[in-house]
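Per chain, numbering begins at 1; letters A, B, ... match sequence-line order. Bear in mind the structure is a predicted one, so any value in this text is a computation, not a measurement.
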Amino acid sequence: MIVPRSFFARPSLEVARALIGMRLVRDDVVVRITEVEAYGGPADSASHARHGRTTRNAPIWGPPGHVYMYLCYGLHQMLNLVAGARAGDGHAILVRGGEVLAGLDTVLARRRASAASPALLAGPGKLAQGLGLDLAFSHHDVCAPGGLELHEGDGVVRVLAGPRVGIDFAAPRDRRAPLRFALAGSGAVTELATLAAPRRAGRARTPRRPA
DNA sequence: AACACGATGGACT
DNA sequence: GTCCATCGTGTTA
């Protein structure tokens with residue numbers, strides 16, 4: 001079941017959390033999303049939207065539910081999904097990891113790997129490579145049939161949260177904000193040590209280290 | 001027109 | 001842990 005566009009019509013923070021456990025589908029390949037990061041528009045000093053609209057980032061100012069691809073370090077393709085209450089909010093979610101549910105042979109060939117492992121699609125560059133995505137997928141609509149589609153997952157999952165990765169250039173506040181989300185128990189997650197289950201409201205706070 | 005630098009990944013010590 | 005491939009983009013001039 002393809003996710004309706006209304007799913008993306010809210011802040012990237014909410015969309016990111018809800019993406020964990022959903023599926024990316026392209027032809028015979030099905031991938032369960034295990035890790036994402038939310039980027040929150042021009043006010044977020046780590047976001048590509050921080051300098052306003054540019055040639056590269058045009059897709060993130062467009063309709064929610066569309067793809068924004070970009071090239072990192074000159075060689076890695078990064079998959080982002082546009083979010084936001086309205087087109088023009090500049091919100092996007094970077095998809096950082098996944099588990100192969102179907103089409104393993106296709107993914108192995110694209111990744112030039114010989115065997116499945118939890119690390120096969122753990123990392124944004126790996127995930128895009130496994131799905132065969134590149135810059136040409138920018139502006140593609142994942143809420144419409146054909147090409148890359150976003151499908152519903154199995155429902156309730158346990159989610160971990162922590163700081164985003166690789167954004168040392170950003171303001172301290174944005175570096176520390178818990179805007180990265182991951183599927184608890186999955187091996188296809190990077191920087192696991194900096195993730196934690198959100199503290200439940202009403203529960204007594206436990207000291208970080210013994211007194 | 002020149003330049004510095006990444007929302008990384010793989011190989012290696 | 002370290003090193004570095006590789007190039008489009010934003011910035012500055």
Under 4.0 Å, counting only non-hydrogen atoms across every strand here, what does Ile167(A) touch: a base, just sugar-phosphate, or nothing? sugar-phosphate
Which is true for Arg164(A) with a 4.0 Å heavy-atom rule: it touches a base, it touches only sugar-phosphate, or it touches nothing? nothing
Are [X] and [Y] side-chain neighbours, meaning at least one heavy-atom pair lies under 4.5 Å?
| X | Y | result |
| --- | --- | --- |
| Glu149(A) | Val142(A) | no |
| Val95(A) | Asn80(A) | no |
| Val67(A) | Leu81(A) | yes |
| Arg164(A) | Asp44(A) | yes |
| Arg50(A) | Tyr39(A) | no |

Please state how far atom [atom1] in [X] lies from atom [atom2] in [N], giving the value in whole angstrom units.
| X | N | atom1 | atom2 | value |
| --- | --- | --- | --- | --- |
| His48(A) | dC5(B) | NE2 | P | 16 Å |
| Arg56(A) | dC5(B) | CZ | P | 15 Å |
| His51(A) | dG8(C) | NE2 | P | 20 Å |
| Phe169(A) | dT9(C) | CZ | C1' | 13 Å |

Give me the one residue out of [options] that meets side chain to side chain contact (heavy atoms under 4.5 Å, CB included) with [X].
| X | options | value |
| --- | --- | --- |
| Arg180(A) | Val36(A), Leu94(A), Val165(A) | Val165(A) |
| Val30(A) | Val25(A), Val107(A), Leu104(A), Val100(A) | Val25(A) |
| Phe181(A) | Ile20(A), Leu19(A), Leu195(A) | Ile20(A) |

Note: Arg10(A)-Asp89(A) ion pair, threshold 4.0 Å (strictly below):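 No salt bridge links Arg10(A) with Asp89(A).
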Answer with yes or no whether the side chains of Arg111(A) and Gln129(A) bring together a donor and an acceptor at under 3.5 Å. yes
Quick check: is Val29(A) connected to Ile2(A) through a chain of hydrophobic side chains (ILVMFWY, heavy atoms under 4.5 Å apart)?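 No; Val29(A) is not reachable from Ile2(A) via cluster members.
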Does anything in residues 104-137 of chain A reach DNA chain C, meaning a heavy atom under 4.0 Å, and if so which residues?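 By residue number: none to list.
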Where along residues 61-77 of chain A does a heavy atom come under 4.0 Å from DNA chain C, residue by residue in number order?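 Residues of residues 61-77 of chain A under 4.0 Å from DNA chain C: Leu71(A), Tyr73(A), Gly74(A), Leu75(A).
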Stems formed with participation of DNA chain C [Watson-Crick or G-U wobble, under 3.5 Å, three or more pairs]: B:1-6 with C:7-12, B:8-12 with C:1-5
